[in-house]
Amino acid sequence: MLAAFLAVIAVLAYACSPSAGEEGQQNQAGAGGDTEASPSVPPEEDSEDGNGEEEAEPTEEPSPSEEPSEGAEGAEGGDDENAGGDGGAGGDSDIAAPESAEDPCRPQDVVVSFDFEEKKGEEQQYPAGVDPSFVVEAVNTAEQTCTVDVGPEALEMVVTSGEDSVYSTAHCREGDTSDERRLDQGRTHRYVIDWERERSFSDCRDTTSVAGSGWYHAELGGTYSGGADELRFRVG
């Protein structure tokens, strides 16, 4: 009996033991786990970019120029509505074709030019004691006689330096500032604007100040100002 019992135990033990093929698979699986790929290169430090190259240090900001930036908008009296932007197609739909001489001219029928009163070379400069002066000309190109308002508010001149609004002909005007001119076909109205280098303010403060030396821009704004040149000049 004891011999038979031991024989049964031996048979059961043999049946439960893994085969050679299974042992090989287990060994291979174990070997695969031992050869797991090593971790990648550690991520770059914060001071390096994704390519492993160090970021360049920021360059020093350029010094401000004495010259005003191109196309600068004035803070006072020189916004988009008044500074040379109302002429052309925008004003065409606001004014009907004139039927009599008292009717306003259409913007597309009026050519306005804006220039220095006296040319002083390629770079327009005014030494100390000499005030800049500008000439405005308006001509009616239509067949119908009509009226153009060339007053200081309707055809506003704005002087800026960079983003600084320096002067406007529309600041602090009292009473009726209109200056209506009846223009026949081909007739030109010409007038001069002098700038005495003083700042103007929309709040009409009592104090005044003189504009310093440097570069400035002058431009026209208003219904008929479309196409007028922007002028760049320097005062000493």
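Start at 1 with the first residue, then count along the sequence. For clarity, every value in this text was computed on a predicted model and none was experimentally measured.
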ask   = Measuring from T147:OG1 to D149:CG, what's the distance to the nearest 0.5 Å?
value = 9.5 Å
Minimum side-chain heavy-atom gap F114-S225 below 4.5 Å = no
inquiry  = I'd like to know if the side chain of D103 and the backbone of S100 have a donor-acceptor N/O pair within less than 3.5 Å.
reply    = yes
inquiry  = Return the CG to CE distance between L231 and M157, rounded to the nearest 0.5 Å.
reply    = 9.5 Å
ask   = Are V112 and I95 connected in a single hydrophobic cluster, I mean Ile/Leu/Val/Met/Phe/Trp/Tyr linked by side-chain heavy atoms less than 4.5 Å apart?
value = yes
task = For residues V148 and L183, determine if any side-chain heavy atom of one lies less than 4.5 Å from a side-chain heavy atom of the other.
result = yes
inquiry  = Can you classify the ring geometry of Y216 versus W195 as parallel (below 30°), tilted (30 to 60°) or perpendicular (above 60°)?
reply    = perpendicular
Side chain proximity check, V150 to Y191, heavy atoms < 4.5 angstrom = yes
message = Quiz question: by atom type and distance under 3.5 Å, do the side chains of T208 and E198 form a donor-acceptor pair?
response = no
ask   = Taking the side chain as C-beta and beyond, is there a heavy-atom pair between R197 and V235 under 4.5 Å?
value = yes
note = In short, F116 meets R232 closest at the heavy-atom pair CZ-O, 3.5 Å
request  = For residues N140 and D109, determine if any side-chain heavy atom of one lies less than 4.5 Å from a side-chain heavy atom of the other.
outcome  = yes
query = Got a second to check how far W215's CH2 is from F233's CZ, nearest 0.5 Å?
reply = 10.0 Å
task = Say whether, by atom type as modelled, one donor and one acceptor occur between the side chain of E118 and the main chain of P132 under 3.5 angstrom.
result = no
key: Minimum side-chain heavy-atom gap R173-P152 below 4.5 Å   = yes
remark   = Distance col, row E230:CD vs L220:CG, nearest 0.5 angstrom, shows 10.5 Å
remark   = All heavy atoms of E117 vs all of S133, minimum pair found to be OE1-OG, 2.8 Å
request  = Flag yes if more than 12 heavy atoms outside Q125 fall under 6.0 Å of its CD atom; otherwise flag no.
outcome  = yes
message = Nearest 0.5 Å, please: how far is CZ in F134 from CG in D229?
response = 13.0 Å
task = May I ask you to decide if S168's main-chain N or O and S200's side chain share a donor-acceptor pair within less than 3.5 Å?
result = yes
remark   = Residues S213 and G236: closest non-hydrogen pair is OG-C, 3.1 Å
request  = List the atom of C146, the atom of P104, and the distance in Å for their closest heavy-atom pair.
outcome  = CB-C, 4.1 Å
message = Are D206 and F201 packed together at the side-chain level, in the sense that at least one heavy-atom pair is separated by less than 4.5 angstrom?
response = no
message = Count I, L, V, M, F, W, Y as connected when their side-chain heavy atoms are under 4.5 Å apart, and connections chain through other members. Are Y167 and V135 then in the same cluster?
response = no
task = Report yes if the side chains of V110 and V139 come closer than 4.5 Å at any heavy-atom pair, otherwise no.
result = no
message = According to salt bridge (charged side-chain N to carboxylate O under 4.0 Å, His left out), who are the partners of R182, at least two apart in sequence or on a separate chain?
response = E102
note = d(E156 CD, T177 OG1) to nearest 0.5 Å is 10.5 Å
key: Intermediate values then yes/no, side-chain contact (heavy atoms from CB on, under 4.5 Å), D194 and D131   = CA-CA 7 Å; D194 295 317; D131 295 334; 5.7 Å; no
